[in-house]
Asks: 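Dropping the structure in here first, questions after.
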Protein chains: 2
Amino acid sequence: MSPRGRPRAFDREHALTQAMFVFWERGYEGTSLADLTGAMGINPPSLYAAFGGKEALFCEAVERYGETYGSYTPRALREEPTARAAIEAMLRDNAHTYVDPEHPTGCMVVLAATNCSPANRDVCDHLKAQREEVRELIRARLHRGVEEGELARTVDVEALGAYYATILFGLSMQARDGVGLPGLTAIIDAAMSCWPGAKATENATGAASEMDTAPVASS
Amino acid sequence: MSPRGRPRAFDREHALTQAMFVFWERGYEGTSLADLTGAMGINPPSLYAAFGGKEALFCEAVERYGETYGSYTPRALREEPTARAAIEAMLRDNAHTYVDPEHPTGCMVVLAATNCSPANRDVCDHLKAQREEVRELIRARLHRGVEEGELARTVDVEALGAYYATILFGLSMQARDGVGLPGLTAIIDAAMSCWPGAKATENATGAASEMDTAPVASS
DNA sequence: CCCTTTCTGTATCGATGACTACATAAAAGA
DNA sequence: TCTTTTATGTAGTCATCGATACAGAAAGGG
């Protein structure tokens, strides 16, 4: 059961986490092998033996991100009782992580490879596929809301989903530009005020009234 | 008046435009000198003589972008008669340019340098400052709306401005991921439905009713 | 004409990019 | 102990990065 040869001298999980942070902060092309080996505390041969290469390491780092800091989106969309609560929790939970000073700001999937040279198209496409997955999860949750009678059948699920995905992606840019949690919270308040059926004469950016759902905790 | 030495053999303006397109498509770090000289149809010494270097060329390309494809934002915020019309025109005009197949998708200021290696921090900060300028223009226009009585004094200009900036930035990511004009238009419809005072029982994503302002042209 | 000035193309520069050859070290199996 | 297997650290590989040295070409001034 124990592997045959010389045991690895570093913690693979910890090294992967460190790599994730660097990629998250500087993006794929902005991160060099020297940056990675420095942050991971290992030499290039160890990196290649354990992870295969820069691109493979990046993909694993994205996976790890999805299982940790990026897990709030699927969690909220899966576990919250209503579509509205799911979308709102998705936005607020992510906003919290986007500004956590313990790690880089914003979302790694949005910021780490928005553009690239043709040589790295695979990496770009990989993150693009991750974002498409988020869109699909949002759409699916809204569709379920329609099926369960929470949302009217007249609601354009496609459009509403794209709208909240836009908010989610835009929040990453705002966080990366230094907008803090109060700022992001105010943005989400505004974004939730146009939930279908929200009876607002003055919405969250003005004097609140007649919101049919109370805001979720934002600490 | 004619310069002393050998005349330049290429059109500086045209070369700058080509450089802008490449930076727009691939980002600052994703673009190499070879990419630039190839697209501009010149050799490195000509590039350095005419523009100074990669970073200086990028800054000029961003300037050029601001005077052309990026000019819709300040135009809308300056010229539209009401704050609401200004914000809506800003979003719709930009959406049109974001998906124009004649050039790269999305906004160069949002996509060309969201993250970077420490060596290129200046470039990142430069674009970040450009985005801050957009935020300030939006805030100023909303503030003017309050002063002119269009918006209630209870409206949180800071929050509403951040909200529409988030939409604007998010649209770039959507466009870059392949969302077309109909998709972006639907997102903007939703975003405008939570304008303060919008009396919507069903908003743009459902069955529209009682919108106090008609949508602006979206072709 | 020559001189100065500026631009152009070739052919690089040193630095850094991702990646690896190789000898050695540390474990298990025999 | 000896072999096999895998990981490690040193020291490189080749390609490409942004940026230039240099010689010649194309203009104006004299």
Asks: Testing A:Trp24, A:Phe51, A:Phe23 one by one against A:Phe58 for a ring-ring contact (aromatic ring centres under 6.0 Å, His included), which residue passes?
Replies: A:Phe23
Asks: Can you tell me if B:Asp100 and B:Thr97 form a side-chain donor-acceptor pair at under 3.5 Å?
Replies: no
Asks: Can you confirm whether or not the ring centre of A:Tyr163 sits under 6.0 Å from the ring centre of A:Trp195?
Replies: no
Asks: Can a donor-acceptor pair be found, under 3.5 Å and without considering hydrogens, that links the side chain of B:Asn43 to the backbone of B:Pro45?
Replies: no
Asks: A:Leu33 CG to D:dT13 C1': how many Å, rounded?
Replies: 14 Å
Asks: Send over the distance from A:Ile42 CD1 to D:dT6 C1', rounded to a whole Å.
Replies: 15 Å
Asks: A:Phe58 CZ to C:dA18 P: how many Å, rounded?
Replies: 13 Å
Asks: By side chain to side chain contact (heavy atoms under 4.5 Å, CB included), which residues pair with A:Glu67, not counting sequence neighbours?
Replies: A:Glu63, A:Arg64
Asks: What parts of residues 44-52 of chain B reach DNA chain D, counting only heavy atoms under 4.0 Å away?
Replies: B:Pro44, B:Pro45, B:Tyr48
Asks: Which residues satisfy the ring pair (Phe, Tyr, Trp, His ring centres under 6.0 Å) test with B:His143, sequence neighbours excluded?
Replies: none
Asks: Using the test salt bridge (charged side-chain N to carboxylate O under 4.0 Å, His left out), find all partners of B:Asp177 that sit at least two apart in sequence or belong to another chain.
Replies: A:Arg131, A:Arg135
Asks: How close or far is atom P of C:dA11 from atom CG of B:Asn43, stated in whole angstroms?
Replies: 11 Å
Asks: Just the rounded figure in Å: distance from P of D:dC17 to CG of B:Asn120.
Replies: 14 Å
Asks: How would you list all residue pairs meeting side chain to side chain donor-acceptor pair (under 3.5 Å) that involve residues 45-61 of chain A, not counting sequence neighbours?
Replies: A:Arg12-A:Glu60
Asks: So if I take residues 4-29 of chain B and measure heavy-atom distances to DNA chain D, which residues fall below 4.0 Å?
Replies: B:Arg4, B:Gly5, B:Arg6, B:Pro7
Asks: Under 4.0 Å, heavy atoms only, any strand: does B:Thr31 hit a base, just the sugar-phosphate, or nothing?
Replies: sugar-phosphate
Asks: Taking atom P of C:dA18 as reference, at what distance in whole Å does atom CG of A:Leu36 sit?
Replies: 8 Å
